[in-house]
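Structure in structure tokens, see below.
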There are 2 protein chains.
Amino acid sequence: MANIKDIAKHLGISVSTVSRAMNDHPDVSEETKSNVMQAVRALNYRPNALAKGLIQKKTFTIGLMIPDIADPFFSELGDAVESKLFEHGYQVIYGNTKRNPAKEKQFLMTAMERQYDGLILTPDHLDEEFVDLLTNLPMPAVFLRRRTPPGLSMPFIDVDHHRAALDAMDHLIGLGHRHIGFIGMPDNSFIGNERLRGYRERMELSRLPCDPTHVETGGRSIRDGREAMERLYARHSELTAVFAANDLLGIGALEWLARRQIPVPQRVSVIGFDNLNLAELHWIQLTTMEQPRPRMGSRAAELLLRMMEDKALNPEPELFDTKLIIRGSCASASGNA
Amino acid sequence: MANIKDIAKHLGISVSTVSRAMNDHPDVSEETKSNVMQAVRALNYRPNALAKGLIQKKTFTIGLMIPDIADPFFSELGDAVESKLFEHGYQVIYGNTKRNPAKEKQFLMTAMERQYDGLILTPDHLDEEFVDLLTNLPMPAVFLRRRTPPGLSMPFIDVDHHRAALDAMDHLIGLGHRHIGFIGMPDNSFIGNERLRGYRERMELSRLPCDPTHVETGGRSIRDGREAMERLYARHSELTAVFAANDLLGIGALEWLARRQIPVPQRVSVIGFDNLNLAELHWIQLTTMEQPRPRMGSRAAELLLRMMEDKALNPEPELFDTKLIIRGSCASASGNA
DNA sequence: CTGAAAGCGCTTACAG
DNA sequence: CTGAAAGCGCTTACAG
């Protein structure tokens, strides 16, 4: 491809002038500028971003580490991040980690080597090595839908999962349910544990049974939800409600109940968490706790933008409110056994 | 961050030696290598990929242009591309175009400026300007789930949409259906039109009615499918089957039918296209034409890998076979009016 | 086995 | 308004 020298030679001027014209520098004559533009078209010239980045120490690139790009929750969050950043001229590089610790670390290394200007992180494995890498991070970063690990100081954007779980449980208990099961995420998930903590607290407060046999954890997918529901029901057929720690698990629970012809919500109510688009499908109509994904993604991008502008800045973490979305999957427990 | 000079100074050796040690060059002593490794750890040194790329003319970066990262069809395709390329040391940069013509072009410009080593493309707008950009592309490219526009010579990976539509129609007609509607994509979609062409050909071959009132096009989403089904049914309540050009449209059709309590498949059969994971949900059980996404994505990556190795290579396009997946949404038309 | 030097393609003070 | 020169952080012949 043509380079800046070719343009300079073509026009018989210096590369400095070409460079200034390309960047629309104020003190280069209009005539020169238009000559340069013409030559650029003629020679199909595109400035080399590597050279530019090397010297300017700015790549207009930000890394977005995401557990799973195919998970609708994260692809929507990513969309929000990307469109905000795009407005400001940044390109976002998705790091689709698949929740693989090695990939998470590798993404960080790559980000450093490729001189990204900033990072938005949703890691799943905050082990020592990972935190170590973060300690020496040369660019600003913000955690999204995750909390900042102890010892680090970057801001985070999240919802209060515990508070939201309390709200979900209040809804169920307010409906008169006494026998409530919990379907949760893997035990190492902070988020899953916060939601579980909310479940336990409310159950205990109301002196309702919530021993470990009422809890099934370990998954995130529809299939996991199906299997968890099956096990839960085998142990406790007296259950009239289930709190699923995310919508996918909730949908799986609904699926198992439907297969078994156990009527929802008449016999069993199900509440989810996330408010995926899927949750409003006609057959699903899942009552759930909505997390404001667009606002969260866009806010994380804003914080990062500010931090890149002023490296000394260290914004406060922010917790967003969740919202109960009532659909058809929960009903009053009164009609039940 | 520390650079190569810092390491050299720290050890009292030259940058050339450091460079060679970093790249595990055969003729540098083991002792020097281990010294360098130590210094690298001590100073937290990471080589600058911009400088490296600038000089080596290789960035180990490939661009993947995708219409919508949140569309499960494409996120799975992307996964396959990414994991194949990752094995070979490449990072993939997602270009989430949202089917926006400006974004598609911009992604191409970015790819050129940032010196990507190759491109995998799923564009939606093949206008003149776009084709022009492609003509002067300095790196190899392959089209995925798209055909190469006339005048260009890069290979493509796709399925034979027309052939697959024929197969889908054969299934419906074989089941005894005579009144079949079509729910399709926007009129400018090549893929949508190929599928529509298959529908028409088979209908005409069997002398079945397929005038424009039997066809509703213009969308891709569940919601579009719902609305199309409504319009189709309003005009032709005698329909006993519908061919939806993708699963999302098919699911929308199913949703509308369910809301109206029109039994599927007893009263109306629905066939889709894609075989999304969603299609096997208990309530949906959509019969559909499967496209082998993992194989297609991985094959596109393979072709690109080869083309990057040997720039003179120009592999042949490849068409993959689709497969009919029979679930519960289609039944024999015999019981119908 | 190691080092000095040139160069990748840009930008940016500095001088005029 | 324009140009010559230095430099960003690397790699790679070339010479020893």
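The model shown is predicted, which means the values in this text are computed figures rather than measured ones. By convention in this document, chain letters (A, B, ...) are assigned in the order of the sequence lines, proteins followed by strands, and residues within each chain are numbered from 1.
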### Task
Nearest whole angstrom, please: distance from the P of C:dC1 to the CD of B:E31.
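In whole Å, C:dC1 P and B:E31 CD are 11 Å from each other.
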N/O-N/O pairs, protein side and nucleotides 11-14 of chain D side, under 3.5 Å:
unit_1	atom_1	unit_2	atom_2	d
D:dT11	OP1	B:N23	ND2	3.2
D:dT11	OP2	B:S19	OG	2.4
D:dA13	N6	B:R20	NH1	3.2

### Task
Could you tell me the separation between the CD1 atom of B:I13 and the P atom of C:dC1, rounded to a whole number of Å?
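After rounding, the gap between these two atoms is 14 Å.
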### Message
Is it the case that the side chain of B:T97 and the backbone of B:I66 share a donor-acceptor pair, with hydrogens and angles ignored and the cut-off at 3.5 Å?
### Response
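At least one qualifying donor-acceptor pair exists.
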Could you go through residues 304-313 of chain B and list every donor-acceptor pair under 3.5 Å that involves a side-chain atom there, pairing it with any protein atom two or more places apart or in another chain?
unit_1	atom_1	unit_2	atom_2	d
B:D310	OD1	B:A312	N	3.0

### Message
The criterion is side-chain contact (heavy atoms from CB on, under 4.5 Å); which residues satisfy it with A:A49, sequence neighbours excluded?
### Response
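If we apply the side-chain contact (heavy atoms from CB on, under 4.5 Å) test to A:A49, skipping adjacent residues, the hits are B:E113, B:R114.
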### Sequence neighbours excluded, every pair satisfying ring pair (Phe, Tyr, Trp, His ring centres under 6.0 Å) that has a member inside residues 28-55 of chain B
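Those involving residues 28-55 of chain B do not exist here.
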### Query
Just checking, is any N or O donor in the side chain of A:S16 or A:S19 under 3.5 Å from an acceptor N or O on the other one?
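No, no side-chain donor-acceptor pair sits under 3.5 Å.
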### Task
Could you tell me the separation between the CG atom of A:L50 and the C1' atom of D:dC10, rounded to a whole number of Å?
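It is 12 Å, rounded to the nearest whole Å.
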### Query
Where each residue is assigned the nucleotide of DNA chain C containing its nearest heavy atom, which of B:G12 and B:L54 is assigned the position nearer the 5′ end?
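Result of the comparison: B:G12.
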### Task
Calculate the interatomic distance between A:D6 atom CG and C:dG9 atom C1'; express it in whole Å.
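A:D6 atom CG is separated from C:dG9 atom C1' by 11 Å.
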### Query
Any sub-3.5 Å donor-acceptor pair from A:N193's side-chain atoms to A:S189's backbone N or O?
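Such a contact is found between A:N193 side chain and A:S189 backbone.
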### Query
Considering only heavy atoms, which members of residues 32-40 of chain A lie under 4.0 Å from some atom of DNA chain C?
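DNA chain C contact set from residues 32-40 of chain A: none.
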### Message
Please list, in numerical order, the residues of residues 107-117 of chain B that have a heavy atom closer than 4.0 Å to any atom of DNA chain C.
### Response
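The stretch gives none, as no residue of it lies under 4.0 Å from the strand.
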### Phosphate-side-chain proximity, A:N48 and C:dG9, N/O vs OP1/OP2 below 4.0 Å
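Answer no for this pair, as no side-chain N or O of A:N48 is under 4.0 Å from OP1 or OP2.
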### Message
Using the side-chain contact (heavy atoms from CB on, under 4.5 Å) criterion, which residues pair with B:S75? Sequence neighbours excluded.
### Response
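B:S75 satisfies side-chain contact (heavy atoms from CB on, under 4.5 Å) with A:I69, A:A70 only.
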### Residues in side-chain contact (heavy atoms from CB on, under 4.5 Å) contact with A:R147, at least two apart in sequence or another chain
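Result, side-chain contact (heavy atoms from CB on, under 4.5 Å) vs A:R147: A:F156, A:D158, A:H161, A:F190, A:L319.
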### Query
How is A:D27 classified with respect to the nucleic acid when contacts are heavy atoms under 4.0 Å: base, sugar-phosphate, or nothing?
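Answer is base: heavy atoms of A:D27 come under 4.0 Å of a base.
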#### Entry: Pairs satisfying ring pair (Phe, Tyr, Trp, His ring centres under 6.0 Å), at least one member in residues 82-123 of chain B, at least two apart
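For residues 82-123 of chain B: B:F60-B:Y90.
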### Message
Without decimals, in angstroms, what is the distance between B:K5 NZ and D:dC10 P?
### Response
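After rounding, the gap between these two atoms is 10 Å.
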### Query
What is the distance, rounded to the nearest whole Å, between atom NE2 of B:H25 and atom P of C:dT2?
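Those two atoms, NE2 and P, are 11 Å apart.
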### Query
Nearest-Å distance, NZ (B:K9) to P (D:dG9)?
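It works out to 11 Å between those atoms.
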### Side-chain (B:S298) to main-chain (B:A80) donor-acceptor, under 3.5 angstrom
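Flag not set: sc B:S298 to bb B:A80 has no pair under 3.5 Å.
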### Sequence neighbours excluded - salt bridge (charged side-chain N to carboxylate O under 4.0 Å, His left out) pairs with any residue from residues 118-128 of chain A
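Qualifying pairs: A:R99-A:D124, A:K105-A:D127, A:D124-A:R146, A:D124-A:R220.
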### Watson-Crick or G-U stems of DNA chain C, 3 or more pairs, under 3.5 Å, by first number
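Looking at DNA chain C, the stems formed by three or more consecutive pairs are C:1-3 with D:14-16, C:5-12 with D:5-12, C:14-16 with D:1-3.
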### Task
Using the salt bridge (charged side-chain N to carboxylate O under 4.0 Å, His left out) rule, collect all pairs that involve residues 72-94 of chain B, keeping only residues at least two apart or in two chains.
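Every pair satisfying salt bridge (charged side-chain N to carboxylate O under 4.0 Å, His left out) with a residue in residues 72-94 of chain B: A:K98-B:D79, B:E76-B:R293, B:K84-B:E302.
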